Every structure is written in structure tokens, then in C-alpha cells.
Amino acid sequence: MSESVRVRIAPSPTGFAHLGTASTALYNVLFARQKKGTFVLRIDDTDLERNRPEFEDLIYESLRWLALEWDEGPDKRGPYEPYRQSERLDIYKQEAARLINDGKAYRCYCTPEELEAERKQAQLEKRPYKYSRRCLTNPPEGRMVFAVRFNVPGGEVVFTDMVRGEMKFDADLIGDFIIVKSDGYPTYQFASPVDDSLMKMTHVIRGEEHLSNTPYQLMLIDALGYERPVAYAHMPLILAPDGAKLSKRKHPESNLMLFKDQGYLPEALINYLALLGWNPGTAQEIFTHDELLQTFSFERVQHAGARFDWEKLNWINGEYIRKLADEELARRLQPFVPNLDPATIERAIPPLKTRMHKLAQAVDYLDYLWTDPAPPALDAATAERVRAAINVLKDVPWEPEAIEAVLEGAVEESGVGKGKFYTPLRDIVTGKKVSLPIHYTLALLPKEVAMHRLQRATNPPD
RNA sequence: GGCCCCGUCGUCUAGCGGCCUAGGACGCAGCCCUCUCAAGGCUGAGAUCGCGGGUUCGAAUCCCGCCGGGGCUACCA
């Protein structure tokens, strides 16, 4: 038996917590738990320009909301601390120095302008660009500011991808890339493999955008004398409805906290995310966490990116809402209707349950309970029917069943259909054309309030 | 430009040479139920499997080319 599995996610705190982070985290958690391994959260905050500490908290909050808990991380103890890259700068400096000493990396004094010129020239000559290695072969004199470049050995880089099988890259096409920026911070391409190695990651599960980065990192791992991870897994990207990659900048709707705020259940989002890019090969669509653990495998993950489909998410979320026990649904609904007391929410659940695909919709059905809709104008015949309703409602026990019974009777008496009879009542009580069934609509309101609204509508102040 | 990944109904997908007159799910349409809106039940429309060549008795499934999409190629991650 080999060493136990260790995997990680390494989000960077450069904005809200992203849907893609949740997706990657899910696959990591699934794999870690299947293998009884360890799931690590590392914060890749080496982008001095864009990092903000509050974004780090958003990552914690979002991941915890989804119940994707990590075993080691910046806010926990662990054998490989610290788990925040900005606190590991000495390590990268030391490793970079080691590479320089070994002749495997070198200082580069080129300015951004000079590099840009090199690139332009290459483009002009229609030749694939690779850094000229000027600072390796003929470094300029008298400059102080430098970055560190990796002396790319070239050759063929081969590795195993659990999704796509054996991958082969020609590293001769890769130019010497920067591993330490002139501000002293490591680049992702450097810090990531260093930490993965030092933190003893056995598998690297991440988004497909990193597939082409893998040879860069593998060469570094080799040069540093580390052991390579046993395998990688590059997961299909989540695409926006228009087919473009879901990005933070272009797609603010990929903000995880927004899902929470709209009333998506975390377990439903997880279920949908699991199905995006993976399928069990059966017709099953709804999975408990345990079922996911049992059935998930990298052999069945998709190779192509998948568009995020809100309609399907809504359906799955509705399925989860309907499956929730009434008390549990009431509990989860509370934050969405803070004006209502728990008893009222609980009474609203039975008719409400089948009508929501996300919890925030409860507001549309229930806001008449804490607002006072303006009474509509009624013609004489309608007013007469409303009075008939008031009449039968007056002495009835204020329960949905009883209300329904007497109202049915009144409808019978009136000679018009239920639709014609109930629509004005609905309008008067809620101010809307859509509501819960009329007897529930009435029963949820205190009797005096309901009666007052009906009465007021039949006696307009003049 | 170079390298890499990918390409089946609108969307997510099943399919790994004959069981496919291409199956399922979401969405959509119709009907039933029904006081509105949902939920639920039933029925239906919807994919010449990106295109063109091969291989084969036989291809969505194998091979080649092309086209299309995405990713990487940054002193972003």
C-alpha cells in the first residue's frame, strides 16, 4: 500500500468565490473521501495587485456553505503550514536560489518593453515566440532589477491524466519562463508545483485551463528533485450560456454567494455541479452525497466544457425543495422571509412547497402577509360576490379546509365559476393575479386582517 | 501564429463496429388535473451524430484531412 492520497484546491483571493472553485473543490473532496485521503485548502495569493484579504473569507464561507470542508488550510493546523503562499515567500526564494546555484535558473534583467519588442519581432517574422535567453547568454551590465527565469531543459514531458489518459508534450516549444517576479513574488507556475511537492500532494485535480501548464510544472518538479504527483486530473471547464468560459469579470452570476442569496440549496447546487461534466452512465439525476461518493469516477468525466444551465439547476433545486421535510424547509426559509414568525411559515409550507424552484420565490407568494395592497375597484356584480364571501367567511373557523368548504358553497350560490369568484378575492387580499390557492391565501392572514381587506374593497371611501 | 483539449436534440448527456428507424434528463408544445400559479400524470415535437474522404459486409463509434469552439503560450492565477 502506497502513501495515502493528498489533494488540494488552491484558489486565489482575487474576487468573489467562483462557481469553478466549487466545482473543482467538489471533485477533490469526492476523490479524497473515496480514497480516505486528505483534502487541503491552500490560498494562492501571489498576485500582489489583485489580492484582498476579505476575498479569502468569501472562499471559506462559500465552501463551508456547500459543505466542502477541508482537512488542512490557513485557518486550521496541519503538518505543512503555512497554507497561504504569501507566508511562504522564504521557501520560494530559497528554492529559486537553489535552482540558480544549480544552473537551472538565471536572473533576467530584461524590461517589459524589451520583452514586448522581442515578442513583436517574432510575430512579425511569423515565428513562434520563445524568450531569446539573452540574459543567460549575454546579460546586460549595470542593471539592478531582475526576475528569475527557469532554464527550460526541453525534451518530452509525459504524465498521466486520470480523465484523458497519457498526455505527451514537446517541451522544446516552451521558452524559459519567469518563476520569480521582479517584486520578489513567485509566479503561479513556480509556487504551485513547489507547494504541491512540499505539501506532498499525490494527485492534482484542477480545471482544464491548467492542462497546458502541467509540463511547465513537471519540469520544475524534476529540476528541484521532487517526486512527481502520481497523476493529474483536468476537469472540463464550466461555460457560460454563450459558450465562453465562465469568468469572474464577464460573469458576475458565477458568484457563489449569489446562489445562496437566491435560495439555491447547497446540496442541490452540488448535485448539479457533479452532473456538469460527469455522469454515472445511468438515468439517475438526483444524488445524495453518499451516492455521489459511491458512483463518482474520473473515467466517466467529460472531456469537453459544459455550459451552465440555470433551467436545469432550477429543476434540481425544486426537486430538493420538494423532498425536504416541512420543518426543515421552514427553517431554511426563515432568512428569506424575516418578517414572518415561524408558525406562519410552517403553515405556508404545504401549499408553497411545490411552487418554488428557489427559496427567494417565497417572497413573491407571501409578501402580502406583511404589506397592505391597495384595494382594487370593483364593479357592482363583483362587489356583490365579495360580500357573499364575507358573509360565509364571517363565522368560519380560520382554517384552510373550513374556508375552502364555505367558499365552495358561496361559489355554488353565486352562479358563476370558481375562477370568476376567486380572482377578485385574490386581487383584494394579495394585490396579485397569482397566489397560493385562495383558501390558504386567506388562512395565512390573521382573520381580522383578511376580513378588513375584503370589507374595505366593498366599501370604497367616497 | 505555435502547442494542447474538445465537437451527438436548444442545453447537459447515453453510446466505446451490427442491439441506433440514435436512448435519457432539463427546457419546449398539447392534453388531463385545476380558482390563479405550481407540482403530478399522459402524449408529442426536437440530432441527416461539425464537414469531407477513407477502412469495413456494416461507422455516431476506427483512420486521415478540413472547419468550428475552448485553453495555454503573461513579471494573472
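Just so we're clear, the structure is a prediction, and the values are computed from it rather than from any experiment. Sequence lines set the chain letters: A, B, ... in the order given, protein chains first and strands last, and positions in each chain run from 1.
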Examine the base of B/C5 for any acceptor or donor lying under 3.5 Å from a partner atom in the side chain of A/H234, and report the outcome as yes or no.
-> no
Under-3.5 Å donor-acceptor pair between A/S12 side chain and B/A77 base = no
Between [N] atom [atom2] and [X] atom [atom1], what is the distance in whole Å?
X	N	atom1	atom2	value
A/Q217	B/C76	CD	C1'	14 Å
A/I238	B/U11	CD1	P	17 Å
A/L173	B/G71	CG	P	20 Å

Partner nucleotide of [N] by Watson-Crick or wobble geometry (both distances under 3.5 Å):
N	answer
B/C3	B/G71
B/A45	none
B/G10	B/C26
B/C37	none
B/G50	B/C66
B/G17	none

Would you say the ring centroid of A/Y92 lies under 6.0 angstrom from that of A/Y185?
-> no
Do A/W310 and A/F259 make the cut of ring centroids closer than 6.0 angstrom?
-> yes
So, is the end of the A/R143 side chain (NZ or CZ) under 6.0 Å from the ring centre of A/Y109 and within 45° of the ring's axis?
-> no
Centre of A/Y320's six-membered ring, under 6.0 Å away, within 45 degrees of the axis: is that where NZ or CZ of A/K323 sits?
-> yes
Is the shortest side-chain N/O distance from [X] to OP1 or OP2 of [N] below 4.0 Å?
X	N	value
A/R300	B/G15	yes
A/R322	B/A38	no
A/K130	B/A74	no
A/N279	B/A14	yes
A/Q302	B/G7	no
A/H303	B/C6	yes

Can you check the distance between [N] and [M], where both ends of the measurement are the [atom1] atom (answer in whole Å)?
N	M	atom1	value
B/G53	B/C67	C1'	14 Å
B/C3	B/C20	P	41 Å
B/C16	B/C63	P	16 Å
B/G24	B/A14	C1'	7 Å
B/G15	B/U61	P	15 Å
B/A45	B/A29	P	16 Å
B/G41	B/G17	P	36 Å
B/C19	B/C66	C1'	33 Å

Take the angle between the ring planes of A/F159 and A/F169 and call it parallel below 30°, perpendicular above 60°, tilted in between.
-> parallel
Is any side-chain heavy atom of A/S62 closer than 4.5 Å to a side-chain heavy atom of A/M257?
-> yes
For [X], answer base if it contacts any base atom (sugar-phosphate contacts may also be present), sugar-phosphate if it contacts only those atoms, and nothing otherwise; contact means non-hydrogen atoms under 4.0 Å.
X	value
A/L275	sugar-phosphate
A/E404	nothing
A/R307	sugar-phosphate
A/S182	base

Walking RNA chain B from its 5' end, the first of A/Q85 and A/G277 to be reached, judged by nearest nucleotide, is A/G277
Mapping A/F177 and A/K433 to their closest nucleotides on RNA chain B, which lands nearer the 5' end?
-> A/K433
Given A/Y27, A/F296, A/Y272, the one that forms ring pair (Phe, Tyr, Trp, His ring centres under 6.0 Å) with A/W278 | A/F296
